[in-house]
Novice: 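Take this structure first; my questions come after.
For the numbers below, each heavy atom of this structure counts, side chains included, while hydrogens, waters and symmetry mates do not. Throughout, protein chains are lettered first and strands after them, A, B, ... in sequence-line order, and every chain is numbered starting at 1. Everything quoted here is computed from the prediction, not taken from an experiment.
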Number of protein chains: 2
Amino acid sequence: MLFQHRKEKILNLLSESNTVRIHDLVTRTGASESTIRRDLMALEEEGLLTRVHGGATKVKNIGIEQKMSQKESINHEIKAKIAKYCSTLVKPNSQIYIDAGTATLELVRVLPNDKRIQVVTNGVDQALLALQRGINVTLLGGPVKQNTHAIAGITAYQQLERMNFSFAFIGMNGLSYENGLTTTNLDEAMIKECAMQQSHKIRILMDNSKIDQIYEFKVNAPTQAIILLNKQAKVNSPDTIHKLANHFDLHFL
Amino acid sequence: MLFQHRKEKILNLLSESNTVRIHDLVTRTGASESTIRRDLMALEEEGLLTRVHGGATKVKNIGIEQKMSQKESINHEIKAKIAKYCSTLVKPNSQIYIDAGTATLELVRVLPNDKRIQVVTNGVDQALLALQRGINVTLLGGPVKQNTHAIAGITAYQQLERMNFSFAFIGMNGLSYENGLTTTNLDEAMIKECAMQQSHKIRILMDNSKIDQIYEFKVNAPTQAIILLNKQAKVNSPDTIHKLANHFDLHFL
DNA sequence: TTATTTTGAGTGAAATTGATTGATTTTGAT
DNA sequence: ATCAAAATCAATCAATTTCACTCAAAATAA
């Protein structure tokens with residue numbers, strides 16, 4: 001596994017749970033302890049995490065500075081760009097599904113402030129932001145996951161089955177040629193699949209940091225799904241992208 | 001368990017009750033007494049707590065109330081007191097329902113930080129705060145109300161009907177002799193009733209400012225419901241309280 | 001090919017941990 | 001108030017884990 005990929009995996013894991021342990025990263029990446037140690041040192045040098053004995057934690061921001069760092073988070077601009085594009089797809093008088101996750105949160109931030117749009121989401125953060133922006137929102141019901149603040153489970157699933165959407169905007173953790181779309185959690189994987197099945201059009205929000213990343217659970221996307229990526233992905237991983245293009249409908253921004 | 005984890009846990013526990021005991025921390029974290037002792041020393045060094053014989057207490061800040069106006073501060077104190085009392089009623093391994101609203105939000109703030117407690121709520125704010133405090137939470141599904149951030153509707157209702165709780169903590173807008181318990185919204189009123197019906201024990205969180213207030217929709221409480229009020233209510237509205245006592249189980253704090 | 005970078009393994013140093021000791025403080029009964 | 005028992009504390013030590021560093025092998029680039 002390349003340094004770039006390990007680095008992205010580490011940061012992705014860290015964004016989902018406040019701390020990562022070195023031993024866990026060793027088993028997850030298959031790299032040696034020395035290598036992981038070096039990676040963590042490099043990432044700390046970049047100011048992207050704080051090393052602690054036994055692993056690493058998120059950098060803790062003080063008060064008002066928090067917003068700043070959120071913007072400085074490596075992929076924020078990419079996510080914002082993709083979110084902006086998605087927001088142009090949303091028409092008034094439509095019911096749309098927005099998945100939990102950081103990329104889709106950006107979408108809520110820039111969504112047209114229109115009372116006629118009906119947003120359905122399984123993300124508590126998404127719901128709150130939509131409320132603050134005065135957008136109508138419906139939450140799925142069920143247990144809330146600690147790390148991702150996503151709602152998943154049988155109740156949410158059954159609730160989704162009765163709905164249908166003109167658009168679904170889905171987040172995803174990994175995309176690779178071998179395993180396709182993957183994510184970290186079975187419940188959430190099922191919710192993603194179900195939401196996509198109920199949707200007329202589908203956009204999966206990703207970026208180059210997710211390419212060649214493989215997580216535990218596969219997610220099958222319907223044929224009408226379009227995967228959104230930034231152009232940099234084509235530059236960074238041309239081979240993977242080329243192979244993926246045979247099986248997925250990729251769209252570059 | 002990483003030092004970071006223990007540190008967060010200790011501070012979390014401290015935020016919900018003014019003091020923590022070393023022995024309690026030992027059992028909760030699974031670490032040895034020596035380790036906990038060292039943690040407390042480190043945290044004291046950081047100025048995050050003060051050690052006392054047998055455990056540690058919060059470091060007292062000067063003028064914490066500065067920001068709030070006097071009226072807000074008093075109102076907040078009443079709610080905090082009632083919330084604190086409610087938190088003592090919650091036992092581990094229990095499933096409890098917490099209604100949306102400001103009074104119940106205080107309850108979430110001081111709820112024991114125990115993974116074995118299952119919180120079910122229809123309040124988005126409640127859910128988020130519980131998540132931040134590391135408490136397991138399940139959200140009801142459905143449309144979210146703009147002003148109250150409460151989830152209500154047929155989906156939430158049906159979801160509730162399948163559940164049962166050892167305790168329900170309900171917020172309410174008004175209490176009067178003529179109309180009993182009243183609130184501002186039909187959907188929310190129905191959710192409150194349904195939640196109460198599914199609960200073994202019920203506490204309705206109120207204060208003197210709600211007495212003699214009448215809103216549009218009546219809420220019928222089961223006989224086992226106990227209404228919590230501050231003692232000031234008895235002083236301010238002795239007649240109303242006296243008459244109410246014939247029909248409701250009032251409890252003064 | 002050679003030069004450069006990246007990686008994995010090994011080493012001893014450093015940090016963390018849990019147990020033990022005896023001193024100190026608190027508690028409760030007289 | 002006084003004393004003994006219990007609880008809590010600080011200090012130390014050995015075992016374990018984690019760390020930083022070095023060096024050779026492997027991968028990559030020139």
Side-chain angles (χ1 to χ4, degrees), chain A residues 1-14 17-60 74 174 176-178 208-214 232-243, chain B residues 1-14 17-60:
Chain A
M1 185 180 271
L2 262 56
F3 168 60
Q4 190 66 17
H5 292 154
R6 285 198 312 272
K7 172 176 162 178
E8 282 156 3
K9 187 150 200 163
I10 291 169
L11 290 176
N12 281 335
L13 284 169
L14 200 56
S17 65
N18 278 320
T19 65
V20 289
R21 297 194 57 112
I22 288 203
H23 197 74
D24 185 38
L25 292 174
V26 169
T27 56
R28 274 181 189 269
T29 60
S32 73
E33 190 184 302
S34 306
T35 302
I36 296 298
R37 234 170 253 294
R38 275 186 281 251
D39 289 351
L40 292 183
M41 275 195 268
L43 289 169
E44 184 176 45
E45 196 70 24
E46 290 186 60
L48 299 173
L49 52 77
T50 319
R51 282 194 303 157
V52 296
H53 198 91
T57 70
K58 285 182 189 170
V59 288
K60 53 174 171 235
I74 38 171
S176 68
Y177 178 67
E178 297 78 13
N208 58 308
S209 78
K210 312 284 173 68
I211 302 291
D212 286 324
Q213 299 284 326
I214 299 173
Q232 188 63 33
K234 240 192 302 194
V235 181
N236 288 9
S237 323
D239 299 347
T240 306
I241 294 293
H242 187 75
K243 285 192 288 183
Chain B
M1 187 183 264
L2 240 51
F3 167 62
Q4 199 74 13
H5 265 101
R6 288 197 309 271
K7 174 175 160 176
E8 281 168 23
K9 193 152 199 163
I10 291 169
L11 291 176
N12 246 325
L13 285 168
L14 204 54
S17 67
N18 276 317
T19 66
V20 289
R21 298 195 56 92
I22 287 202
H23 195 74
D24 188 33
L25 292 174
V26 169
T27 56
R28 275 176 192 270
T29 61
S32 72
E33 192 185 302
S34 305
T35 301
I36 296 298
R37 232 169 256 293
R38 275 185 282 251
D39 288 351
L40 291 183
M41 276 195 266
L43 288 169
E44 184 175 46
E45 195 70 23
E46 289 187 60
L48 299 173
L49 53 77
T50 42
R51 283 193 303 157
V52 295
H53 196 90
T57 70
K58 280 182 193 171
V59 50
K60 3 191 170 293

Novice: Rounding to a whole Å, what distance do you find between B/F3:CZ and C/dG18:C1'?
Specialist: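 Taking CZ of B/F3 and C1' of C/dG18, I get 17 Å after rounding.
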Novice: Return the value, rounded to whole Å, for the distance between atom CD1 of B/I36 and atom P of C/dT17.
Specialist: 9 Å
Novice: For nucleotides 10-14 of chain D, give me every protein contact, N/O to N/O, under 3.5 Å, one pair per line with atom names.
Specialist:
residue: D/dA10; atom: OP2; partner: B/R51; partner atom: NH1; Å: 3.0

Novice: Please report the shortest heavy-atom distance between A/A56 and A/L40, naming the atom on each side.
Specialist: CB-CD2, 4.2 Å
Novice: Identify the heavy atoms of A/T19 and B/Q4 that sit nearest to each other, and give their distance.
Specialist: CG2-CG, 4.2 Å
Novice: Which residues pass the side chain to side chain contact (heavy atoms under 4.5 Å, CB included) test with A/E178, sequence neighbours left out?
Specialist: A/S176, A/I214
Novice: From the list D/dT18, C/dT17, D/dT8, which nucleotide is the closest neighbour of the side chain of B/T35?
Specialist: C/dT17
Novice: Please identify each residue that fulfils side chain to side chain contact (heavy atoms under 4.5 Å, CB included) with A/S34, with sequence neighbours left out.
Specialist: A/S32, A/R38
Novice: Going by side chain to side chain contact (heavy atoms under 4.5 Å, CB included), name the residues that satisfy it together with B/R6, two or more places apart in sequence or in a different chain.
Specialist: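 Result, side chain to side chain contact (heavy atoms under 4.5 Å, CB included) vs B/R6: B/M1, B/F3, B/T29, B/A31, B/T35, B/I36, B/D39.
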Novice: Quick one: list whatever passes salt bridge (charged side-chain N to carboxylate O under 4.0 Å, His left out) with A/E33, sequence neighbours left out.
Specialist: A/R37
Novice: With no hydrogens and no angle check, is any side-chain donor or acceptor of A/Q213 less than 3.5 Å from a backbone partner on A/H5?
Specialist: yes
Novice: Suppose we screen for side chain to side chain donor-acceptor pair (under 3.5 Å). Which residues come up paired with B/N12, at least two apart in sequence or across chains?
Specialist: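 Partners of B/N12 under the side chain to side chain donor-acceptor pair (under 3.5 Å) test: none.
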Novice: Calculate the interatomic distance between A/H53 atom NE2 and D/dT17 atom P; express it in whole Å.
Specialist: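 These atoms are roughly 11 Å apart.
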Novice: How bent is the helix from C/dT1-D/dA30 to C/dT30-D/dA1, measuring the angle between the end axes built from five pairs each, rounded to 10°?
Specialist: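 Answer rounded to 10°: the end axes differ by 40°.
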Novice: Mind checking what makes side chain to side chain contact (heavy atoms under 4.5 Å, CB included) contact with B/L14, not counting sequence neighbours?
Specialist: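 Result, side chain to side chain contact (heavy atoms under 4.5 Å, CB included) vs B/L14: B/V20, B/L49, B/K58.
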Novice: Run the salt bridge (charged side-chain N to carboxylate O under 4.0 Å, His left out) test against B/R21 and tell me which residues pass, sequence neighbours left out.
Specialist: none
Novice: Among residues 19-26 of chain B, which contact DNA chain D at a heavy-atom distance under 4.0 Å?
Specialist: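 By residue number: B/R21, B/I22.
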Novice: Expressed as a whole number of angstroms, how long is the span from B/K7:NZ to C/dT16:C1'?
Specialist: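 So the two atoms are 16 Å apart, to the nearest Å.
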Novice: Residues two or more places apart in sequence or in another chain: which of them pass side chain to side chain donor-acceptor pair (under 3.5 Å) with A/T240?
Specialist: A/D212
